[in-house]
Visitor: 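I am attaching a structure below and will ask some questions about it afterwards.
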Amino acid sequence: MKIQAPKGTRDILPSEIHKWQYVSSVFAKHCERFGYKEIRIPVFEHTELFQRGVGDTTDIVQKEMYTFDDKGGRSITLRPEGTAGVVRSYIENGMFSLAMPIKLYYDITAYRYENVQKGRYREFHQFGVEAFGAVGPQIDVEIISILYMFFEKLGLRQTGLNINSIGCPECRSAYHDKLKDFFRPNLQYFCDDCKSRFEKNPLRIIDCKNEGCKRFIEGAPRLLGNLCEGCRSHFEGLKAGLDNLGINYSIDPNIVRGLDYYTKTVFEFVSENGGSQGTICGGGRYDGLVEECGGPATPGIGFALGVERLLMELDSQGVMIEEPPAPDIYIAALGQRAMDFAQQLVYKLRGCNVWAETDLMDRSLKAQMKYADKKGFAFTIVLGDDEIEAGKGVLKDMRTGDQKDVSLDSIVDRLKNQAAKQL
RNA sequence: GUGGGCUUAGCUCAGUUGGUUAGAGUGCCAGGUUGUGGCCCUGGAGGUCGUGGGUUCGAUUCCCAUAGCUCACCCCA
């Protein structure tokens, strides 16, 4: 039986790697400009971190985690997202004693055991940002502006920003009571999922897509209209801050985010090209998370951006990503003397940062030329006994087909100081 | 967890109303030029026709099961 990549994983092949490298490097430089530093966290953590951090009631923890016991009997889980690990690191490394706010970004893989479909994989890539220590809405605005400008830099259009506030524990518990009072008379008619949500997180009942439930959801009080004074003014501050920067947004009271740790601000960027996996990026504030994970009470906010979905969106919007550069020069050699010389030559050229290759398969001149053509070399040098004897090589421009003799003594110096393309 | 579609060469796909050695295009390798790529011509390698079972004289083709891929629901990046 042929061994295949596990379901939901895929190879990123050399033919497409330049796209990944491009978005990663643009993202990294972009974040640095906002004062964020990269953090690298483990692929796996103790299972408990995600149970506490992401939340026991979430789909992620309930059914999507890659969890196993290691040989020491510890329960280990492949990270289903990045925030929990970053928070753990923040606490473990005492970052709360560094200059606030702490501003971090990351470029990671994440793992969720789900059925795959377009834009959804079991191993997927996320760019993320987390900021700790800032209470006010200014940091919310900065975080969102990172994304807004990032999409602009990449040349994306029509990517909609939706924002919402889901309140703090105080106004949420008051609101939960209100919601429960609203749902309680009809509780018996709700689906099983909703019945269990009723106690744990009644907020999520509103999201239920079940037709039977929808009838009783209609007219339910909205959290956005029931925020406490602090949360209300925070949300107002966020909107004013976005307006101040000219960032367009819509208010979507239905955004809840599937992770339990969110408080106050939640937001997402969605593709307007439809598609069921339209959420390219999601994020929000998590003021209780650091404390929940055992650290000092510290406000935080961040986002995660799906790299697969970002690339899909770039593709569907026709945004071109520059092809990798063509190789500089191929040394085609005939005969042992010439081949030995060619080996020396490419070695020297490589030492001078010139992209040079020569034959490794004892192939005919014709086959070597074919290779140079297929790989897109700008130039070749043909070397045989005659050339070695005369101290010259035949330099060929592969695009035009023009050939001319070049001195072998000076060839390295010439290529060292100027790109082969300019020869 | 639930439902639909698909599965023949590295890739994209034909095909067989069940019948000797299963095809094309493309890609790869080589030759046509014993010192020259692209175009063209010729040849070669490459397939247990997803896997297992059944029906049949005979199955890639019909039936059943199963796996994988894919799309969608839920949820999410």
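Throughout, a chain's letter reflects where its sequence line sits, starting with A, and its residues are numbered from 1.
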Visitor: If you measure from the P atom in B:C71 to the same atom in B:U12, how many Å do you get, rounded?
Guide: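 After rounding to an integer number of Å, I get 14 Å for this pair.
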Visitor: Which part of the nucleic acid, if any, lies within reach of A:A304 when heavy atoms closer than 4.0 Å are counted: base, sugar-phosphate only, or nothing?
Guide: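 Sugar-phosphate, backbone atoms only, no base.
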Visitor: With pairs defined as Watson-Crick or G-U wobble and both distances under 3.5 angstrom, please note down RNA chain B as a dot-bracket string, | for pairing with another strand.
Guide: (((((((..((((.....[...)))).(((((.......))))).....(((((..]....))))))))))))....
Visitor: Using the test ring pair (Phe, Tyr, Trp, His ring centres under 6.0 Å), find all partners of A:H125 that sit at least two apart in sequence or belong to another chain.
Guide: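 In terms of ring pair (Phe, Tyr, Trp, His ring centres under 6.0 Å), with neighbours along the sequence ignored, A:H125 is linked to A:W20.
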Visitor: It should be established whether A:Q4 places a side-chain nitrogen or oxygen under 4.0 Å from OP1 or OP2 of nucleotide B:G68.
Guide: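 So the side-chain polar atoms of A:Q4 never come under 4.0 Å of the phosphate oxygens OP1 or OP2 of B:G68.
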Visitor: What is the distance from CG of A:N254 to P of B:C74, rounded to the nearest Å?
Guide: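 To the nearest whole Å, that distance equals 13 Å.
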Visitor: With a 3.5 Å cut-off and heavy atoms only, can you find an N or O donor on one side and an acceptor on the other between the side chain of A:E114 and the base of B:A77?
Guide: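 Check passes, donor-acceptor contact within cut-off.
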Visitor: Taking 4.0 angstrom as the limit, do A:D181 and A:R184 come out as a salt bridge?
Guide: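 Salt bridge between A:D181 and A:R184, a charged N being under 4.0 Å from a carboxylate O: yes.
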Visitor: Indicate whether the side chain of A:Y111 and that of A:E123 have a donor and an acceptor atom separated by less than 3.5 Å.
Guide: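 The criterion, which ignores hydrogens and geometry beyond distance, is satisfied for A:E123 and A:Y111.
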Visitor: Could you give all pairs that pass the ring pair (Phe, Tyr, Trp, His ring centres under 6.0 Å) test and reach residues 129-150 of chain A, with sequence neighbours left out?
Guide: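 As it turns out, the ring pair (Phe, Tyr, Trp, His ring centres under 6.0 Å) pairs with a partner in residues 129-150 of chain A, which skip direct neighbours, are A:F27-A:F150, A:H30-A:F150, A:Y90-A:F132.
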Visitor: By side chain to side chain contact (heavy atoms under 4.5 Å, CB included), which residues pair with A:P42, not counting sequence neighbours?
Guide: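 So A:P42 forms a side chain to side chain contact (heavy atoms under 4.5 Å, CB included) with A:E45, A:R88.
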Visitor: Considering residues at least two apart in sequence or located in another chain, which fulfil the ring pair (Phe, Tyr, Trp, His ring centres under 6.0 Å) criterion with A:F267?
Guide: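 Scan of A:F267 (ring pair (Phe, Tyr, Trp, His ring centres under 6.0 Å), adjacent residues dropped) gives none.
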Visitor: Rounding to the closest angstrom, what is the interatomic distance between B:C41 and B:G58 at atom C1'?
Guide: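 Between the two C1' atoms, the distance is 41 Å.
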Visitor: Using side chain to side chain contact (heavy atoms under 4.5 Å, CB included) as the criterion, list what pairs up with A:A174, not counting sequence neighbours.
Guide: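 In terms of side chain to side chain contact (heavy atoms under 4.5 Å, CB included), with neighbours along the sequence ignored, A:A174 is linked to no residue.
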Visitor: Could you tell me how far B:A65 sits from B:C6 if I compare only their P atoms? Round to whole Å.
Guide: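 Roughly 16 Å separates the two P atoms.
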Visitor: Could you give the side-chain donor-acceptor pairs of residues 331-338 of chain A under 3.5 Å, partners two or more places apart or in another chain?
Guide:
unit_1	atom_1	unit_2	atom_2	d
A:Q336	NE2	A:D340	OD1	3.0
A:R337	NH1	A:E389	OE1	3.2

Visitor: Between A:F124 and A:K63, just flag the one whose closest nucleotide in RNA chain B comes earlier from the 5' side.
Guide: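 Checking each residue's closest nucleotide, the 5'-ward one belongs to A:K63.
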Visitor: Could you work out the separation of B:C62 and B:G4 based on their C1' atoms and round it to a whole Å?
Guide: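 Nearest-Å result for B:C62 against B:G4 at atom C1': 23 Å.
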Visitor: Determine the contact category for A:E81: base if any of its heavy atoms lies under 4.0 Å from a base atom, sugar-phosphate if only primed atoms, P, OP1 or OP2 are that close, otherwise nothing.
Guide: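 A:E81: no heavy atom of the nucleic acid under 4.0 Å.
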Visitor: Holding to ring pair (Phe, Tyr, Trp, His ring centres under 6.0 Å), I want the full list of residues that pass it with A:F235, two or more places apart in sequence or in another chain.
Guide: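 Here no residue qualifies.
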Visitor: For A:F44, what residues pass the ring pair (Phe, Tyr, Trp, His ring centres under 6.0 Å) criterion, not counting sequence neighbours?
Guide: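 Listed in chain order: nothing, the list is empty.
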Visitor: In the 5'-to-3' direction, what one-character label does each nucleotide of nucleotides 31-43 of chain B receive under the scheme B = base within less than 4.0 Å of a protein heavy atom, S = sugar-phosphate only, - = no such atom?
Guide: -B--BBBB-----
Visitor: Rounded to the Å, how far apart are A:K7 NZ and B:C6 C1'?
Guide: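 Between C1' of B:C6 and NZ of A:K7: 13 Å.
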Visitor: Take the protein atom OH of A:Y113 and the nucleotide atom P of B:G1, then report the distance between them rounded to whole Å.
Guide: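 After rounding, the reported distance stands at 6 Å.
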Visitor: Taking B:G37 as the reference, what is the distance to B:C29 when you measure between their C1' atoms (whole Å, please)?
Guide: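 About 16 Å, rounded to a whole number of Å.
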Visitor: Closer than 3.5 angstrom, by distance alone: can the side chain of A:R122 be matched with the main-chain N or O of A:E114 as a donor-acceptor pair?
Guide: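 Checking the backbone N and O of A:E114 against the side chain of A:R122, a donor-acceptor pair under 3.5 Å is found.
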Visitor: Check whether any side-chain N or O of A:R363 sits under 4.0 Å from OP1 or OP2 of B:C29, and answer yes or no.
Guide: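 For B:C29, OP1 or OP2 has a side-chain N or O of A:R363 closer than 4.0 Å.
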Visitor: How is A:L310 classified with respect to the nucleic acid when contacts are heavy atoms under 4.0 Å: base, sugar-phosphate, or nothing?
Guide: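 Contact class for A:L310: none.
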Visitor: Which atom pairs, donor and acceptor, lie under 3.5 Å between side-chain atoms of residues 344-353 of chain A and protein residues at least two apart or in another chain?
Guide:
unit_1	atom_1	unit_2	atom_2	d
A:R350	NE	A:A356	O	2.9
A:R350	NH2	A:A356	O	3.0

Visitor: Give every pair of a protein N or O atom and an N or O atom of nucleotides 3-5 of chain B that lie under 3.5 Å apart, one pair per line with the distance.
Guide:
none

